[in-house]
Each structure stands twice: as C-alpha cells, then as structure tokens.
**Q** 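Pasting a structure below so you can have a look.
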Amino acid sequence: MIAVNGFDERHGVQWGAEDSDVERRLKKIGVRVKSLRFAATMIHFDGQYFKRGPSEDARERWKLYQQAEKENRTWTPDGLIKQDRPDTSITRSYRKNVDH
C-alpha cells in the first residue's frame, strides 16, 4: 500500500471507486491480488449505504476513477503523502524490495 501511496483520498469516505482504484494501482506494480468473494465476511457500518441512490458526488468519484485509469498511474498525489511523484521510481524501488 505504501508503494502506491495508499488510497486516493479524493474519493472521500462514502461510496466511491477507491477500492477499485487501489487494486488497479497495486496490480500495476506487480502485486498479486486475490479475491475474497464468497470466502470472507464484509460488514458495512454505514446504515444508509444501501438506501443511497446515484448522487452527483458518486458520479464525480466515478469520473475520478476513470481519469486515473486512463492516466494508468500507480502513485496517487492525494494519498498517505500529499505529493506527486513519478511512477517509474516508485515501481522500480518496490520491485527491488520484493525481489530480494
């Protein structure tokens, strides 16, 4: 998670594509992602989660995800560290640590 700078905080704390975005970025640097569908329990603490319909905020977060996917970046400038960095140095340093 540190190698891709964590979750992109522009997605906010409600429904968004933050999980899909971080999965895409982790896969891009070579992390194998295993699905836990039907193998793990998931609990949503937000009681209004299933009552929400499509909102303008959700549409904006989806546009953000689509833009990030188009740019094909691994690092988010709005994650753990509030700074933009080039992908190449991050990916190289992550793979160096994983390979050893």
Side-chain angles (χ1 to χ4, degrees):
M1 287 294 284
I2 293 170
V4 297
N5 200 23
F7 285 96
D8 188 329
E9 294 180 5
R10 294 175 292 181
H11 288 287
V13 295
Q14 293 182 355
W15 181 89
E18 72 283 353
D19 49 354
S20 299
D21 177 58
V22 81
E23 177 185 0
R24 180 193 57 76
R25 291 185 288 120
L26 287 168
K27 284 180 176 178
K28 185 170 187 229
I29 64 167
V31 173
R32 288 189 205 124
V33 177
K34 183 175 180 177
S35 173
L36 294 177
R37 178 173 260 174
F38 306 119
T41 302
M42 177 179 69
I43 299 171
H44 284 279
F45 293 102
D46 180 359
Q48 297 299 313
Y49 183 80
F50 293 105
K51 296 178 183 176
R52 283 195 295 261
S55 69
E56 190 60 36
D57 284 345
R59 283 188 282 276
E60 288 303 312
R61 287 191 294 274
W62 184 246
K63 286 180 189 175
L64 174 64
Y65 172 78
Q66 290 174 319
Q67 180 64 32
E69 188 175 42
K70 181 179 175 184
E71 291 172 359
N72 202 25
R73 301 272 318 268
T74 58
W75 180 269
T76 177
D78 292 294
L80 298 167
I81 300 169
K82 305 298 184 252
Q83 178 184 31
D84 201 4
R85 296 183 181 178
D87 283 357
T88 53
S89 62
I90 296 155
T91 304
R92 190 178 315 117
S93 111
Y94 171 77
R95 288 198 174 138
K96 178 181 167 188
N97 291 332
V98 168
D99 292 340
H100 291 87

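Numbers for residues simply follow the sequence, beginning at 1. Bear in mind the structure is a predicted one, so any value in this text is a computation, not a measurement.
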**Q** So, for M1 and F7, which heavy atoms are closest and what is the spacing to 0.1 Å?
**A** CE-CE1, 3.5 Å
**Q** Kindly give the heavy-atom pair with the smallest separation between A68 and R24, and that separation in Å.
**A**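 For A68 and R24, the tightest heavy-atom pair comes out as O-NH2, 3.5 Å.
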**Q** Run the ring pair (Phe, Tyr, Trp, His ring centres under 6.0 Å) test against Y65 and tell me which residues pass, sequence neighbours left out.
**A**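 Y65 satisfies ring pair (Phe, Tyr, Trp, His ring centres under 6.0 Å) with W62 once adjacent residues are dropped.
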**Q** Minimum heavy-atom separation for W75 to I81, with atom names?
**A** CH2-CD1, 4.0 Å
**Q** Does the side chain of E9 reach to within under 4.5 Å of the side chain of L80, using non-hydrogen atoms?
**A**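 A side-chain contact is absent here, since even the closest heavy-atom pair is not under 4.5 Å.
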**Q** Any idea which heavy atoms bring V22 and G6 closest together, and the distance?
**A**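 That would be CG2-O, 3.9 Å.
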**Q** Under 6.0 Å from the NZ atom of K70, do we count more than 12 heavy atoms belonging to anything else shown?
**A** no
**Q** Regarding D8 and R73, does a basic nitrogen lie under 4.0 Å from an acidic carboxylate oxygen?
**A**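 Salt bridge flag = no for R73 with D8.
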**Q** Given the rule in the side-chain contact (heavy atoms from CB on, under 4.5 Å) test, do R10 and T76 qualify, once you have shown the distances and angles that lead to the verdict?
**A** CA-CA 10 Å; R10 294 175 292 181; T76 177; 3.8 Å; yes
**Q** Output the distance between atom CD (E69) and atom CD (Q66), rounded to the nearest 0.5 Å.
**A**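 Answer for the CD-CD pair, E69 versus Q66, is 7.5 Å.
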**Q** With the side chain counted from C-beta on, respond yes when Q83 and N5 share a heavy-atom pair under 4.5 Å apart, and no when they do not.
**A** no
**Q** Return the set of residues passing side-chain hydrogen bond (donor to acceptor under 3.5 Å, both in side chains) with E23 (not counting sequence neighbours), or none when no residue passes.
**A** K27
